[in-house]
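We count ligands from 1, going down the list as the structure has it; atoms in each ligand are counted the same way.
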Amino acid sequence: MLIKQNLQNIKKTLPKEVTLVAVSKTKPISDIEEAYNAGQRIFGENKIQEMSQKWNSLPKDIEWHMIGHVQRNKVKYMAEFVSLIHGVDSLKLLTEINKQAVKHDRIISCLLQIHIAKEETKFGLNEEELKELLNSEDFKKLKNIQIKGLMGMATFTKNENQIKKEFKYLKSIYNTINKSLPTASILSMGMSGDYQIAIQEGSTMVRIGSSIFGARNYN
Ligand SMILES: *Cc1c(COP(=O)(O)O)cnc(C)c1O
């Protein structure tokens, strides 16, 4: 019941054009079923094997988003079903996704992850690397992937001005690549703690976990 209520409360605050990804990582099937029964169809996971097990045992009209860092040797386990891969940050990874997509006769949608936070540990491309990737001949040869937009994570901080500045920066990069990438329509930014700021700054997709399912227990 709590999950349903949390979902409804969050949805009420989201503008219509903002898509909600319910981040169900570490959470049991029963929690996802509860959200599903409340109408939610898009779920985000950060471990490929966990996502694949959940895909196997849940209704097939769920859209599965891979939001975590992707290891190249595991792309094959999700190529058949994944709807959107948020954390793509290298041409090598894109090339592998393309290769696995060909095997399944699919075109896999991807977001390029941009490093906007101060923390060193957050993955992603910088602006220069992004331009290099998009302009490379090898990238243009990949026919079974489609770049749908950008994703970023702000610094984990209480300083709202810092968060705002980082989302603004991501939005400005998004605006520039948008001109050369007509398939890009998604700007994935915002989590439980900062999604309201993200929406103010132009997010079109928020990834919310703990505010829906409660705090995660990693033990
Ligand atoms: C876990 C995670 C989220 C959701 O985080 P919450 O703070 O629980 O909303 C969003 N994005 C990514 C990339 C994550 O790994």
May I ask which of [options] has a heavy atom nearer to [atom] than the others do?
atom	options	value
atom 2 (C) of ligand 1	Lys25, Met66, Met153, His86	Lys25
atom 10 (C) of ligand 1	Arg207, Gln113, His69, Glu45	Arg207
atom 6 (P) of ligand 1	Gly193, Ser192, Ala215	Ser192

Next item on the list: Provide, to 0.1 Å, the distance between atom 5 (O) of ligand 1 and the closest protein heavy atom, together with that atom's residue and name.
Entry: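 The protein heavy atom lying closest is Met191 CE, 3.5 Å.
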Next item on the list: Starting from atom 13 (C) of ligand 1, locate the nearest protein heavy atom and write down its residue, its atom name and how far away it is, to 0.1 Å.
Entry: Ile67 O, 3.5 Å
Next item on the list: Given side-chain hydrogen bond (donor to acceptor under 3.5 Å, both in side chains), test Ser188 with Arg207 step by step and report yes or no.
Entry: CA-CA 8 Å; Ser188 167; Arg207 311 174 308 269; 2.9 Å; yes
Notebook entry, point to check: Salt bridge between Glu45 and Lys25, side-chain N to carboxylate O under 4.0 Å?
Noted result: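 So Glu45 does not pair with Lys25 through a salt bridge.
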Note to self: Closer than 4.0 angstrom, basic N to acidic O: yes or no for Glu50 and Lys54?
What the structure shows: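 Judged by the 4.0 Å cut-off on N to carboxylate O distance, Glu50 and Lys54 do form a salt bridge.
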Item checked: Test side-chain hydrogen bond (donor to acceptor under 3.5 Å, both in side chains) applied to Ser203 - qualifying residues, sequence neighbours left out -> none
Notebook entry, point to check: So is Arg216 polar-close to ligand 1, meaning N/O to N/O under 3.5 Å?
Noted result: yes
Next item on the list: Please determine if Ser211 has a nitrogen or oxygen closer than 3.5 Å to a nitrogen or oxygen of ligand 1.
Entry: no
Check: Going by the angle between their ring planes, with limits at 30° and 60°, are Phe81 and Trp55 parallel, tilted or perpendicular?
Finding: parallel
Margin query: Using a 4.0 Å cutoff against the non-hydrogen atoms of Ile208, which atoms of ligand 1 qualify?
Written below: 9 (O)
Notebook entry, point to check: Counting from 1, what ligand 1 atoms have a heavy atom of Gly209 closer than 4.0 Å?
Noted result: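 Close to Gly209: 4 (C), 6 (P), 8 (O), 9 (O).
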Next item on the list: Can you run down the side chain to side chain donor-acceptor pair (under 3.5 Å) pairs that involve residues 104-118, sequence neighbours left out, and say none if there aren't any?
Entry: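 Counting only pairs at least two positions apart or across chains, no side chain to side chain donor-acceptor pair (under 3.5 Å) contact touches residues 104-118.
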Notebook entry, point to check: Between the side chains of Gln71 and Lys74, does any donor sit under 3.5 Å from an acceptor?
Noted result: yes
